[in-house]
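Structure, as structure tokens:
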Amino acid sequence: MSTAGLKNPGGAVRGVGASALVVFGVVLLLALLPLAKLGQPAAAIWLCAGLAVLSFVLCGLLRHDWAWPAGLIVPVALLVGGVLHWSLLVLGIVFGLTWGYVLYVRRSVYANRP
């Protein structure tokens, strides 16, 4: 992947990561009501709420190198939360694949920097 045409490749990559984390947070917030209506354990609801907050916080911290691997906490926690409800497992798989792609794009852009 070439960085040709990108005036600020680091900013572009941070934008991609922040966009993904915002979508994660919004989806997790939207999952709260169905989980509550289905009578799922309170732990599943608190897990979604906490991970949504974490996703939004990590958006602002992507300028730090440690925040990128910390973004894996969200999908891994959802995979573990799959014992509470199967939908959390599905979200963990989808979020994990998405965040893996974001990390791949970041690595590709930084590998081609002059």
Side-chain angles (χ1 to χ4, degrees):
M1 179 181 292
S2 174
T3 58
L6 291 177
K7 294 181 181 180
N8 183 2
V13 171
R14 281 192 306 275
V16 170
S19 299
L21 287 168
V22 165
V23 170
F24 292 175
V26 169
V27 168
L28 288 168
L29 289 177
L30 290 172
L32 293 177
L33 185 61
L35 285 173
K37 291 289 184 182
L38 291 172
Q40 297 307 310
I45 295 168
W46 282 105
L47 177 68
C48 285
L51 290 176
V53 170
L54 178 63
S55 295
F56 295 133
V57 168
L58 283 174
C59 285
L61 296 174
L62 288 179
R63 64 183 173 272
H64 303 289
D65 286 335
W66 58 264
W68 291 90
L72 287 171
I73 293 171
V74 176
V76 169
L78 285 169
L79 289 172
V80 172
V83 299
L84 299 171
H85 194 267
W86 64 268
S87 62
L88 298 180
L89 178 68
V90 172
L91 283 177
I93 293 169
V94 172
F95 287 5
L97 291 172
T98 303
W99 193 248
Y101 180 71
V102 168
L103 292 177
Y104 167 77
V105 168
R106 179 178 185 255
R107 189 173 341 134
S108 297
V109 168
Y110 281 150
N112 292 322
R113 287 175 74 176

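The shown structure was predicted, so the numbers you read here are calculated from the model rather than taken from an experiment. Position 1 is the first residue of the sequence, and the numbers go up from there.
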- Please answer whether the main-chain N or O of Leu62 pairs with a side-chain N or O of Trp68 as donor and acceptor at a distance below 3.5 Å. yes
Check [X] against [Y] and note the closest heavy-atom contact, atom names and distance.
| X | Y | result |
| --- | --- | --- |
| Gly25 | Ala52 | O-CB, 3.7 Å |
| Val102 | Gly17 | CG1-CA, 3.9 Å |
| Cys48 | Leu32 | CB-CD2, 3.6 Å |
| Pro75 | Gly71 | CD-O, 3.2 Å |

Taken in chain and number order and not counting sequence neighbours, the residues that satisfy side-chain hydrogen bond (donor to acceptor under 3.5 Å, both in side chains) with Arg106 are Asp65
Can you get from [X] to [Y] by hopping between Ile, Leu, Val, Met, Phe, Trp and Tyr side chains that sit under 4.5 Å apart?
| X | Y | value |
| --- | --- | --- |
| Val74 | Val83 | yes |
| Tyr101 | Val22 | yes |
| Val26 | Val23 | yes |

Check your understanding: Does the side-chain contact (heavy atoms from CB on, under 4.5 Å) test come out yes or no for Trp99 and Leu21, once each step is laid out?
Key -> CA-CA 9 Å; Trp99 193 248; Leu21 287 168; 3.7 Å; yes
Contacts under 3.5 angstrom, residues 87-94 side chains, donor-acceptor by atom type, not counting sequence neighbours:
| unit_1 | atom_1 | unit_2 | atom_2 | d |
| --- | --- | --- | --- | --- |
| Ser87 | OG | His85 | ND1 | 2.7 |

Excluding Leu33, membership of its hydrophobic cluster (Ile, Leu, Val, Met, Phe, Trp, Tyr; side-chain heavy atoms within less than 4.5 Å) reads none
Rounding to 0.5 Å, atoms CG (Leu84) and CD (Gln40) come to a distance of 8.5 Å
CG of Leu58 to CG of Leu72, rounded to nearest 0.5 Å, is 10.0 Å
For this session: For side-chain contact (heavy atoms from CB on, under 4.5 Å), just list the numbers for Leu79 and Phe95, CA-CA rounded to whole Å, side-chain angles, deciding distance to a tenth of an Å, and then say yes or no.
Result: CA-CA 10 Å; Leu79 289 172; Phe95 287 5; over 6 Å; no
side-chain contact (heavy atoms from CB on, under 4.5 Å) between Leu51 and Phe24, worked out
CA-CA 9 Å; Leu51 290 176; Phe24 292 175; over 6 Å; no
Leu28 vs Leu78, side-chain contact (heavy atoms from CB on, under 4.5 Å): CA-CA, chis, key distance, verdict:
CA-CA 10 Å; Leu28 288 168; Leu78 285 169; 3.9 Å; yes
